[in-house]
Novice: 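The structure under discussion is supplied below as structure tokens; questions concerning it will follow.
The structure displayed is predicted, hence computed values, not measured ones.
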Amino acid sequence: MIETMRQGLRDGGRRGMAAARDLGWRIRRACRSEPLPCRPLVVMAVGLGAGCAIGRLVPLPLGCWAAPVWWCGAGAALAGWRLTQGRAAANWLCTAVVATGAA
């Protein structure tokens, strides 16, 4: 590929431009065929932050007893996580992280 680009520069740039264009298309195709990497820590950090925001902005009417209610909700969500599989389990786990952040 490099030799083709060098040869293209000697030919007035026509072959070099074609080689560069071909290389660009190959890189784009490779990037599009690869799936996005899994980033579970980022999802958990966003869930924890969202839980903190929910806990501060939407207080429960129980006053000082709000934290134990959130902890019980997180425990119930973890129980749901253990009892299910697949996407439902992921939803339960995210719910537990959000409830933990709100506590």
Side-chain angles (χ1 to χ4, degrees):
M1 182 63 76
I2 302 276
E3 185 60 38
T4 306
M5 291 178 77
R6 285 183 188 155
Q7 200 173 32
L9 290 175
R10 284 185 229 128
D11 293 340
R14 279 181 257 144
R15 284 188 190 171
M17 289 300 291
R21 195 175 321 131
D22 183 49
L23 181 64
W25 282 109
R26 286 182 188 182
I27 291 171
R28 284 189 194 121
R29 267 187 274 145
C31 290
R32 289 182 183 151
S33 65
E34 292 291 321
L36 290 175
C38 183
R39 306 230 190 269
L41 188 59
V42 173
V43 174
M44 292 297 132
V46 168
L48 195 61
C52 289
I54 290 171
R56 302 300 175 256
L57 297 176
V58 185
L60 292 178
L62 301 174
C64 64
W65 293 100
V69 171
W70 285 114
W71 282 112
C72 289
L78 284 176
W81 171 64
R82 292 289 293 164
L83 295 173
T84 58
Q85 295 178 355
R87 188 174 294 240
N91 290 339
W92 280 114
L93 188 60
C94 286
T95 303
V97 169
V98 170
T100 302

Novice: In residues 94-103, what donor-acceptor pairs under 3.5 Å come from side-chain atoms, sequence neighbours left out?
Specialist:
unit_1: T95; atom_1: OG1; unit_2: N91; atom_2: O; d: 2.8
unit_1: T100; atom_1: OG1; unit_2: A96; atom_2: O; d: 2.8

Novice: Hey, can you pull the donor-acceptor pairs under 3.5 Å for the side chains in residues 48-56, sequence neighbours left out?
Specialist:
none

Novice: Identify all side-chain donor-acceptor contacts of residues 72-83 below 3.5 Å with residues at least two apart in sequence or on another chain.
Specialist:
none

Novice: V46, L93: one ILVMFWY side-chain cluster at the under-4.5 Å cut-off?
Specialist: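 No, because V46 and L93 fall into different hydrophobic clusters, even though each may have its own neighbours under 4.5 Å.
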